[in-house]
Amino acid sequence: QVQLVESGGGLVQAGSSLRLSCAASGRTYVMGWFRQAPGKEREFVAAISRGGASTSYANSVKGRFTISRDNAKDTVYLQMNSLKPEDTAVYYCAATTDIFLRTLPTNYDYWGQGTQVTVSS
C-alpha cells in the first residue's frame, strides 16, 4: 500500500511561483500530478518516471511547470512558475506501479488528499 501526502499549496498572485511536494510511503514507479478545478474534470498536469529521466507535461503547463523527484527522500515535486488564474485548482499527487508515463487518472492506483492552489489576478 502506498500513501501520498501533498504540501505546498497556497494563495498567490498571477506571475508568482509555488513548489508542491508529495511525500510517498511505499514503493512507487511513475508519479504524476493532476488538478481539478470546481465544476471540471480532473486533468493531467505532469508525470515522471521512476528514475526521473523521463517526464511528460500537459500543453497548458509546458514551459512553466517542472516535475522532479528525489528517490532518496521518496518525494516528488512540482515547481510551478509564471502562475496564471486558470491554474487555480486542487492539485493531486498520484502514483502507479506501471512503468509508462500515463496521463489518465484511471491509470493511477494511489492518490493523495490534494492541496489547494489559488492564483489571483
Side-chain angles (χ1 to χ4, degrees):
Q1 191 72 12
V2 175
Q3 293 185 328
L4 305 173
V5 179
E6 302 101 331
S7 60
L11 170 63
V12 297
Q13 291 187 333
S16 300
S17 298
L18 274 178
R19 188 176 80 158
L20 305 183
S21 299
C22 173
S25 64
R27 186 173 180 81
T28 61
Y29 291 87
V30 167
M31 299 286 292
W33 286 96
F34 289 77
R35 66 187 183 186
Q36 188 166 18
K40 295 188 176 181
E41 294 187 350
R42 192 167 297 189
E43 66 173 3
F44 171 74
V45 175
I48 188 167
S49 61
R50 169 67 178 160
S54 297
T55 57
S56 177
Y57 295 93
N59 287 334
S60 58
V61 306
K62 200 171 293 184
R64 299 188 298 122
F65 291 11
T66 302
I67 188 171
S68 61
R69 67 191 298 166
D70 184 342
N71 287 335
K73 297 181 179 180
D74 292 324
T75 301
V76 176
Y77 305 96
L78 185 67
Q79 177 67 43
M80 305 185 295
N81 299 328
S82 302
L83 282 162
K84 304 175 181 179
E86 51 263 44
D87 293 320
T88 295
V90 176
Y91 283 71
Y92 296 91
C93 176
T96 175
T97 54
D98 199 342
I99 61 173
F100 298 105
L101 298 181
R102 303 295 189 183
T103 62
L104 295 177
T106 52
N107 294 134
Y108 288 77
D109 306 300
Y110 306 100
W111 292 86
Q113 81 288 351
T115 184
Q116 177 71 46
V117 172
T118 303
V119 184
S120 63
S121 57

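Worth knowing before you read on, the calculation uses all heavy atoms, side chains too, and leaves out hydrogens, waters and symmetry mates.
The side-chain contact (heavy atoms from CB on, under 4.5 Å) search around Ala47 returns Val30, Phe44, Leu101, Tyr108, not counting sequence neighbours. Listed by chain and residue number, nothing satisfies the side-chain hydrogen bond (donor to acceptor under 3.5 Å, both in side chains) test with Gln3 (two or more places apart in sequence, or in another chain). Looking at residues two or more places apart in sequence or on another chain, you find a side-chain hydrogen bond (donor to acceptor under 3.5 Å, both in side chains) between Arg69 and Thr28, Asn71. For Thr97, there are no side-chain hydrogen bond (donor to acceptor under 3.5 Å, both in side chains) partners at least two apart in sequence or on another chain. Contacts of Arg102 classified as salt bridge (charged side-chain N to carboxylate O under 4.0 Å, His left out), with partners at least two apart in sequence or in another chain: Asp98. Every residue two or more places apart in sequence or in another chain that forms a side-chain hydrogen bond (donor to acceptor under 3.5 Å, both in side chains) with Lys62 is listed here: Asn59.
For the residue pair Ala24 and Met31, the shortest heavy atom distance occurs at CB-CE, 4.5 Å. In terms of heavy atoms, Lys40 sits closest to Gln36 at O-NE2, 3.1 Å.
Listed by first then second residue, pairs satisfying disulfide (SG to SG under 2.5 Å) with a partner in residues 7-107 read Cys22-Cys93, not counting sequence neighbours. Screening residues 36-83 for disulfide (SG to SG under 2.5 Å) gives no qualifying pairs among residues at least two apart or on separate chains. Residue pairs meeting the side chain to side chain donor-acceptor pair (under 3.5 Å) criterion with at least one partner in residues 8-25, sequence neighbours excluded, are Ser17-Asn81.
Through direct or relayed side-chain contacts under 4.5 Å between Ile, Leu, Val, Met, Phe, Trp and Tyr, Tyr77 connects to no other residue.
Residue Trp111 is not grouped with residue Ile67 when hydrophobic side chains (ILVMFWY) are merged at heavy-atom distances under 4.5 angstrom, including chains of intermediate members. When hydrophobic clusters are built by joining Ile, Leu, Val, Met, Phe, Trp and Tyr residues whose side-chain heavy atoms come closer than 4.5 Å, directly or via intermediates, Tyr92 is not grouped with Met80.
Within the model, atoms CZ of Phe34 and OG1 of Thr103 stand 7.0 Å from one another, a figure rounded to the nearest 0.5 Å.
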Without placing hydrogens or testing angles, list every side-chain donor-acceptor pair under 3.5 Å for residues 82-90, not counting sequence neighbours.
{"from": "Asp87", "atom 1": "OD1", "to": "Arg35", "atom 2": "NH1", "distance (Å)": "2.9"}
{"from": "Asp87", "atom 1": "OD1", "to": "Arg64", "atom 2": "NH2", "distance (Å)": "3.0"}
{"from": "Asp87", "atom 1": "OD2", "to": "Arg64", "atom 2": "NH1", "distance (Å)": "2.8"}
{"from": "Asp87", "atom 1": "OD2", "to": "Arg64", "atom 2": "NH2", "distance (Å)": "3.4"}
{"from": "Asp87", "atom 1": "OD2", "to": "Lys84", "atom 2": "N", "distance (Å)": "2.8"}
{"from": "Thr88", "atom 1": "OG1", "to": "Pro85", "atom 2": "O", "distance (Å)": "2.9"}
{"from": "Thr88", "atom 1": "OG1", "to": "Val119", "atom 2": "N", "distance (Å)": "2.9"}
{"from": "Thr88", "atom 1": "OG1", "to": "Val119", "atom 2": "O", "distance (Å)": "3.4"}

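For the 3.5 Å distance criterion, the side chains of Asp109 and Thr96 qualify, holding a donor opposite an acceptor.
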